[in-house]
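Quick notes on the structure that follows.
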Amino acid sequence: MSTERTFIAIKPDGVQRGLIGPILTRFEQRGFKLVALKLTWANEGLLRQHYEDLQEKPFFPSLLSYMLSGPVLATVWEGKDVVKQGRVILGATNPLASAPGTIRGDFAIDMGRNVIHGSDSVETANREIGLWFKNEELVDYKSALNAWIY
Ligand code: RTP
């Protein structure tokens, strides 16, 4: 059984558009285990750490104000290859390139309002989980589904 984890955040537009349910359903139905979830309004300090590598990009100020514009649903999922699988479920960053059937391919048309974030590597996932969650917020439990999935 895999204990790989990823950080998935439904961005402010996804929360405001009522997409929390449909998005969580996609991860649950694929067979991933939810280990943490919270609705939170991020502050600038957290977002600057989260997007550390993008701070010099020209789009960074608009990305920051977008991410500060409302609450975000922060989640952590666990399962086999969940980091790569999560990126596939999300679809390409630019909705113009994201395939129908993916979250961005089904719900987004603008790169600046692309509904969801997902970690791009196991290393990044661990860093992001540590930024957004305290250790005690990661719930340790045995999923009854595992016996049927693995
Ligand atoms: P994310 O972190 O949100 O999962 O997205 P990503 O890895 O696919 O893309 P990344 O390059 O890390 O960019 C983070 C977010 O910044 C916004 N963005 N805007 N050229 C632009 O206007 C531009 N490029 C990126 C998007 O909201 C992207 O998800």
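Order of appearance sets the numbers: ligands from 1, and atoms from 1 within every ligand. Values below: every heavy atom of this structure, side chains too, minus hydrogens, waters and symmetry copies. Because the structure is predicted, anything quoted here is derived from the model rather than measured.
- Nearest protein heavy-atom neighbour of atom 15 (C) of ligand 1: Leu63 CD1, 3.9 Å.
- Looking at heavy atoms from C-beta onward, Pro71 lies out of side-chain contact with Thr40 at the 4.5 angstrom threshold.
- Ligand-side atoms of ligand 1 in range of Asn114: 26 (C), 27 (O), 28 (C), 29 (O), range being under 4.0 angstrom from any heavy atom.
- Considering only non-hydrogen protein atoms, atom 7 (O) of ligand 1 sits nearest to Arg87 NH1, 3.1 Å.
- Per-residue contacts place Tyr51 under 4.0 angstrom from the following atoms of ligand 1 (heavy atoms of the residue considered): 2 (O), 3 (O), 14 (C).
- Trp132 places none of its side-chain heavy atoms less than 4.5 Å from the side chain of Val76.
- Relative ring orientation between Phe7 and His117 is described as tilted, the plane-to-plane angle lying within the 30° to 60° band.
- Judged by the 6.0 Å distance and 45° axis criteria, Lys57 is not positioned over the aromatic ring of Tyr51.
- With salt bridges taken as basic N to acidic carboxylate O contacts below 4.0 Å, none links Arg87 and Asp81.
- Those atoms of ligand 1 with a heavy atom of Gly118 less than 4.0 angstrom away are 4 (O).
- Counting heavy atoms from C-beta outward, Val35 and Val139 have side chains that stay 4.5 Å or more apart.
- Here the protein heavy atom with the shortest distance to atom 5 (O) of ligand 1 is Arg104 NH2, 3.7 Å.
- Regarding atom 22 (O) of ligand 1, its nearest protein heavy-atom neighbour is Phe59 CB, 3.7 Å.
- Scanning the protein for heavy atoms near atom 1 (P) of ligand 1, the closest one is His117 ND1, 3.1 Å.
- Counting only heavy atoms of the protein, atom 6 (P) of ligand 1 lies nearest to Thr93 OG1, 3.4 Å.
- Ser62 and Ser65 form no side-chain donor-acceptor contact under 3.5 Å, judged by distance and modelled atom types alone.
- Within the cation-pi definition used here (under 6.0 Å to the ring centroid, within 45° of the axis), Lys80 does not qualify as a partner of Tyr150.
- Panel note: side chain Glu78, backbone Lys33; no donor-acceptor pair is recorded below 3.5 Å.
- Below 3.5 Å of separation, one finds an N or O of Met111 facing an N or O of ligand 1.
- For Lys11, a nitrogen or oxygen atom sits less than 3.5 Å from a nitrogen or oxygen atom of ligand 1, counting backbone and side chain alike.
- Taking 4.0 Å as the cut-off, Lys57 does not count as a neighbour of ligand 1 on heavy-atom distance.
- The shortest N or O to N or O distance between Asp120 and ligand 1 is not below 3.5 Å.
- Remark: minimum distance from atom 10 (P) of ligand 1 to any protein heavy atom is reached at Leu54 CD1, 4.1 Å.
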